[in-house]
Amino acid sequence: MELVRISTAGSVDDGKSTLIGRLLYDNDALTKEQEDLVRKKTKEKGWDDLDLSVITDGLVAEREQGITIDVANIYFSTETRKFIIADSPGHVEYTRNMVTGASMAQTSIILVDARKGLLEQSFRHFYISQLLRLENVIFCVNKMDLVEYSEDTFLEISIQIQNMVEALDADINYRIVPVSSLKGDNVVKKSANMPWYSRETLNELLHAEKTNKTEKLPFRFDVQQVNHSQENGFVDYRGLAGRVVSGEVSVGDRIVIRQGHGSSNLESIVTEIRRFTESIDTAQAGDSVSISIADEIDISRGGVLSSKENLVEAQSSISTTVVWMDESGGQAGAKYLLKVGSREFPIKVEAIHSKVDPTKANQSFDVNTIEINDISKVDLRLSQSGYFDSYLDNKNNGAFILIDLQSNNTVALGFVD
Amino acid sequence: MKNKHLRELENESIYILREVAAQFKKPVLLFSGGKDSIVMARLAQKAFYPSKIPFSFMHIDTGHNFPETIEFRDQIVKELDVELIVRYVQDSIDQNKAQEESGKYASRNALQTVTLLDAIEEFGFDACLGGARRDEEKSRAKERIFSVRDDFGQWDYKRQRPEPFQILNGRINFGENVRAFPISNWTEEDIWTYILQEGLELPSVYFAHKRKLVKREGAHIAHSDFLNIVESDEIEEHIVRFRTVGDMTCTAAFISEADTVEKVLYENMQSKHSERGARIDDKRSESALEDRKKGGYF
C-alpha cells in the first residue's frame, strides 16, 4: 500500500472541514462513533444535509467558533492508498500552520468558494504550495450548489486560477474540480448536477498514479548519533546512526564526511549498512539506518555524509526565503539558532531584502523588519559551514528552521535559494 | 520489509526516537505493557541496536490494571534488559495528593496525571516518550511530535511549535519538559500489522478468552474488585477480547472469538467502531481527553 500525504487549505468558511468529512464519509471511512457524532450534531443544528465538519475540528475552541485553529492530522485508507491529511487553518494568522501542514505533503488541496472566487488566502496558499514545490495542487471550487452548479462561474474561476499560476510562472501540476462538499458532488461520487464536467472527481485525482519525478538526487546523510557498542555479541561496533536525507548509498561506496568548520574533506568507504539485526546492501532516501565506515574518522552528531561524485558544498552565508512563524518578528542583525536535520548552530540575519506579496505575483517591497506570517528574502551569515543544497534541487537538504535563543520557540521556516 | 508504508512509518519513528536520545539529557519511555507501548519498545530496540535502549522505562500504575498486562510488562523489560520505574497512583492517594473518585463510574485514569507529574519531578526527566497516536481521538490529532509542557505539565495548543519537515525543536527552559510521540502517525491498523510482521507477543487480554463481565449501559466491563458494582449492573460471562487495554474499570470488552493476531487484525478492520469507543473515560464529555491533556495528562 502506498502512503500519500495531503495538505488542505482554505479561507474562513469555505467548507474545508466539510470537504474532508465528505471525503471520509463517501469513502466509507468514518467510524461508527464519528457517524453517530455527525448525526447528533446535524440534528442539533436542524440541518437537512449532514454536518460533516464536526469530524475534524478537534479542540473545544474550534467547535465553539466553528473554525480550525491548528493542524489536525487525519488518517484514512482505501483499497489502494493510505492517506494522511494535514488539515490546516485558513485564517491569515495561521499561515505558519499551513506551511507546517504542507511541508510533508505531496499534494495540496486548495479550496475556493464558488461565490467568492480567489481571495487573498487563495493566493497565499498557492504561493506556499509553489514555494514548497509540492508535486500537485488540486483546486476544489466548492459550494457549487450555491451558484446553481453554473458552468460559467466555474470557468470564470478557472481563468482566475490560470492567471495566478501563469503570473507566478509556477512549474506545478494543477487541476481544478467543481465540487459541493455539503451535497457530495464530485468529491467521491460523480455529480449528476454538473453534466458539463466530465473529468475526474477529487477522489479519483487523489488515487491517480503519482507523478513521481524520479530525478536521481545526490546522496546526503545526517548523523544523528554515533553508536558504539560491545553488546549483543558485537566487538567494538561503531555505526553512524541517522537517516538518508536524499539519494542512496551502498556498501563499498566512496563517501565524503564533513562536519562543523572542517574545510578538509575526509574520505572513507562504506563497509556496512545496518538496519537492526540485518546487514543490508543499499539504503534509500528516508531510511533510518546505521552506517559503518572503513576509517577511524572523528565524527559526531551533526556530521554530514555525501557522495564523492556529488559533494555537498560548505557555505558561510546563504540567501534564503523565510516564512516567519512567531509573534516576535525578525530584524536585521538578530541572532538565532538554525536547525536542519541534526545540525544546529547560531546564525545572524545579515540583510532583509524584501517582503513578498503573494497576492501580487512576484511583487515585493523593501523592508527592514519581518512580521509574523511574512514571506521574506533574507541573507543569513552562518557561524559554521552550512552544507546545504538549494531547496529547488534537493528539498530535504534545503529547508531549515530558526529558533529564538531566549524563548526557544521555532520562529521561522527557511528555504535555501 | 514487504509493507512499504510500514517501512516509512518505522523510518520516521526511529528518527524521532534517536532525536529524543540525542536532544535530551534524561528521557524516559512510558511503558504500560499495552500494544502501543510494546511497539514503541520494539522501535526503540531497533533505533539503538546493537546498543541497549539508552533510557529507562516507567509505568504509572493505577493499581487497577489487568494482571496479565503487568506480568507481560515485567517480562518484556527483563528481555530488553532496561530499568523499569514503577510509580503508584495508590501512593499519591495515600499522600492526599489525589482524591479517589466515588460512585459507579469511579476510575483512577485521571488520577495518573498527579503521579506522573510527581515522578517527572522526582527523577528530573526532561522528555517522556509516549505511544499516543493521532488517529485515536480528535484532540490527539492536533498534538505535535514534540509537545512542550510547562512546570505543571499543561498542554497549551496555542503555544505549539510548528514542526515543518519534521525538524524537531526540543529546546526547553528549566522546569519544562517535552512529551514526545514517535508513533504519532501510526493508525490502529498499522500497529496490528506491525505486530504481525514483527512477530511481537502481546498480553493475553488482547485475544479471545472467557471472562466474567459486568454489563452496564450496553458495555461489558471486566469484573474486578476495583469496580463499584451497582444494582442495575448485570453479571455475565462471555468469550471476549480487549481492543484497547487501560484500567480494568474503564475499558470495555469486545465479544469476539479472535484468538490470533491475524484474526484480531481482520476483525478490527471489519468493525466500524473506533478503538477509543471502548474507553469509557473518554465518554464523559465531548472534550474529556482534551481537558485531561491540558491538565498534564498524557
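Below, each value reflects all heavy atoms present in this structure, side chains not excepted, and no hydrogens, waters or symmetry copies. Lettering of chains follows the sequences in order, A, B, ..., and the numbering in each one begins at 1. Everything numeric here is computed off the predicted structure, so don't read it as measured data.
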If we define contacts as heavy-atom pairs under 4.5 Å, which of [options] has the most with chain B?
options	value
A:Glu35, A:Met104, A:Gln224, A:Arg301	A:Gln224
A:Leu132, A:Ile74, A:Thr277	A:Thr277
A:Val411, A:Leu30, A:Thr31	A:Thr31
A:Val289, A:Val340, A:Ile84	A:Val289
A:Asp326, A:Asn232, A:Leu413, A:Asn396	A:Asn232

| task | Answer with yes or no after comparing the ring centroid distance for A:Tyr75 and B:Trp186 against a 6.0 Å cut-off, counting only values under it. | result | no
| query | For the residue pair A:Tyr237 and B:Tyr49, is the inter-centroid distance of their aromatic rings smaller than 6.0 Å? | reply | no
N/O donor-acceptor pair under 3.5 Å between [X] side chain and [Y] backbone:
X	Y	answer
B:Thr251	B:Gly246	yes
B:Asn11	B:Arg7	yes
B:Thr113	B:Ala110	yes
B:Glu163	B:Ile145	yes

For [X], is it the side chain, the backbone, both, or neither that has a heavy atom closer than 4.5 Å to a heavy atom of chain A?
X	value
B:Glu189	side chain
B:Ser13	neither
B:Asn185	both
B:Arg42	side chain

| message | Less than 4.0 angstrom from a charged side-chain N to a carboxylate O is my criterion; do A:Arg243 and B:Glu19 meet it? | response | no
| request: State whether A:Lys82 and A:Glu2 are salt-bridged, where the test is any N-O pair (Lys NZ or Arg NE/NH1/NH2 against Asp/Glu carboxylate O) under 4.0 Å. | output: no
| query | If you measure only the distance, is there a donor-acceptor pair under 3.5 Å linking the side chains of A:Asn73 and A:Arg5? | reply | no
| remark: In terms of heavy-atom pairs under 4.5 Å with chain A, the winner among B:Pro50, B:Ser51, B:Pro164 is B:Pro50
| Who among B:Thr187, B:Ile167, B:Leu168 has the most heavy-atom pairs with chain A under 4.5 Å? | B:Ile167
Which answer fits [X], side chain, backbone, both or neither, if we ask what part of it has an atom under 4.5 Å from a heavy atom of chain B?
X	value
A:Val244	neither
A:Asp28	both
A:Ser407	backbone
A:Gln230	neither

